[in-house]
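Structure record follows, encoded as structure tokens.
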Amino acid sequence: IHEQIEIVIELRRDGVDEEPISEARLIPALEPGSSQTEEFAQLPLVPGALYTVTLTAEVQDDADFDNNQWQLLFATNSE
């Protein structure tokens with residue numbers, strides 16, 4: 001069992017032709033079915049924009065890679 005796994009967050013502003021913002025970090029390994037909250041507070045957001053955020057866990061020797069990604073579409077409030 002690995003003691004840490006790498007998670008990668010990718011933030012993409014929808015409808016804009018620009019490179020997504022990406023950040024990686026190591027977190028303690030999780031037991032199957034468990035979860036952990038991570039905060040990515042320093043990501044720059046534009047008021048009134050629509051974003052897609054994707055979190056991917058890079059788990060070595062994983063038997064099911066299909067469940068290692070989580071995606072959320074959200075909008076920021078206008079100023």
Side-chain angles (χ1 to χ4, degrees):
I1 294 180
H2 302 281
E3 293 182 14
Q4 292 185 318
I5 59 173
E6 182 180 48
I7 58 170
V8 178
I9 184 171
E10 182 179 276
L11 180 69
R12 179 179 302 273
R13 188 160 45 139
D14 290 1
V16 178
D17 187 25
E18 62 187 21
E19 288 295 314
I21 297 167
S22 185
E23 181 182 324
R25 67 173 63 161
L26 291 174
I27 64 168
L30 302 172
E31 293 296 321
S34 65
S35 65
Q36 177 172 322
T37 300
E38 287 292 315
E39 186 173 310
F40 294 85
Q42 301 305 314
L43 296 173
L45 300 177
V46 174
L50 186 63
Y51 289 92
T52 300
V53 64
T54 305
L55 285 153
T56 305
E58 303 290 335
V59 182
Q60 294 180 1
D61 304 324
D62 192 354
D64 184 8
F65 289 106
D66 292 335
N67 65 0
N68 292 357
Q69 193 173 75
W70 180 80
Q71 196 169 57
L72 175 70
L73 178 67
F74 70 95
T76 54
N77 291 332
S78 299
E79 288 188 86

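From a predicted model like this one, the values you see are computed outputs, not experimental measurements.
Sorted by first then second residue, the ring pair (Phe, Tyr, Trp, His ring centres under 6.0 Å) pairs that include residues 11-30, not counting sequence neighbours, number zero. Among residue pairs with one or both ends in residues 43-55, none qualify as salt bridge (charged side-chain N to carboxylate O under 4.0 Å, His left out); sequence neighbours excluded. Residue pairs meeting the salt bridge (charged side-chain N to carboxylate O under 4.0 Å, His left out) criterion with at least one partner in residues 40-52, sequence neighbours excluded, are absent. Within the structure, salt bridge (charged side-chain N to carboxylate O under 4.0 Å, His left out) contacts touching residues 69-78 (residues at least two apart or in different chains) do not occur.
Put simply, the side chain of Leu72 does not reach to within 4.5 Å of the side chain of Thr52, judged on heavy atoms. Side-chain contact between Ile27 and Gln36 is present, with heavy atoms from C-beta onward closer than 4.5 Å. Under the 4.5 Å side-chain criterion, counting only non-hydrogen atoms from C-beta, Pro47 is not in contact with Asn77. Side-chain contact between Leu45 and Phe74 is present, with at least one heavy-atom pair separated by less than 4.5 Å. Here the side chains of Ile9 and Ser22 are not in contact, with every heavy-atom distance at 4.5 Å or above. Residues Trp70 and Thr54 fail the side-chain proximity criterion, which asks for heavy atoms closer than 4.5 Å.
Scored by the salt bridge (Lys or Arg N to Asp or Glu O under 4.0 Å) test, Glu10 finds Arg12 as partners (sequence neighbours excluded). The side-chain hydrogen bond (donor to acceptor under 3.5 Å, both in side chains) check on Gln69 picks up Thr56, with sequence neighbours excluded. Residues passing the side-chain hydrogen bond (donor to acceptor under 3.5 Å, both in side chains) test with Glu19, sequence neighbours excluded: none. Residues passing the side-chain contact (heavy atoms from CB on, under 4.5 Å) test with Ser35, sequence neighbours excluded: none. Evaluation of the side-chain hydrogen bond (donor to acceptor under 3.5 Å, both in side chains) rule for Glu39 yields no partner, not counting sequence neighbours. Take Thr76 and apply the side-chain hydrogen bond (donor to acceptor under 3.5 Å, both in side chains) test, not counting sequence neighbours, and it matches no residue.
When hydrophobic side chains of Ile, Leu, Val, Met, Phe, Trp and Tyr are connected at separations under 4.5 Å, Leu26 ends up as a singleton with no cluster partners. Cluster note: Leu73 groups with Leu50 through ILVMFWY side-chain heavy atoms spaced under 4.5 Å, whether in direct contact or through intervening members.
The shortest heavy-atom contact between Leu11 and Pro44 is CD2-O, 4.0 Å. Nearest heavy-atom pair, Ala57 versus Ile5, reported as atom, atom and distance to 0.1 Å: CB-CD1, 4.3 Å.
Counting heavy-atom neighbours within 6.0 Å of Asn67 CG, excluding the residue itself, gives a total above 12.
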**OP:** Test side chain to side chain contact (heavy atoms under 4.5 Å, CB included) on Glu23 and Val8 and set out the steps.
**Re:** CA-CA 6 Å; Glu23 181 182 324; Val8 178; over 6 Å; no

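One finds a salt bridge joining Arg25 and Glu38 here, because a Lys/Arg side-chain nitrogen approaches an Asp/Glu carboxylate oxygen to under 4.0 Å.
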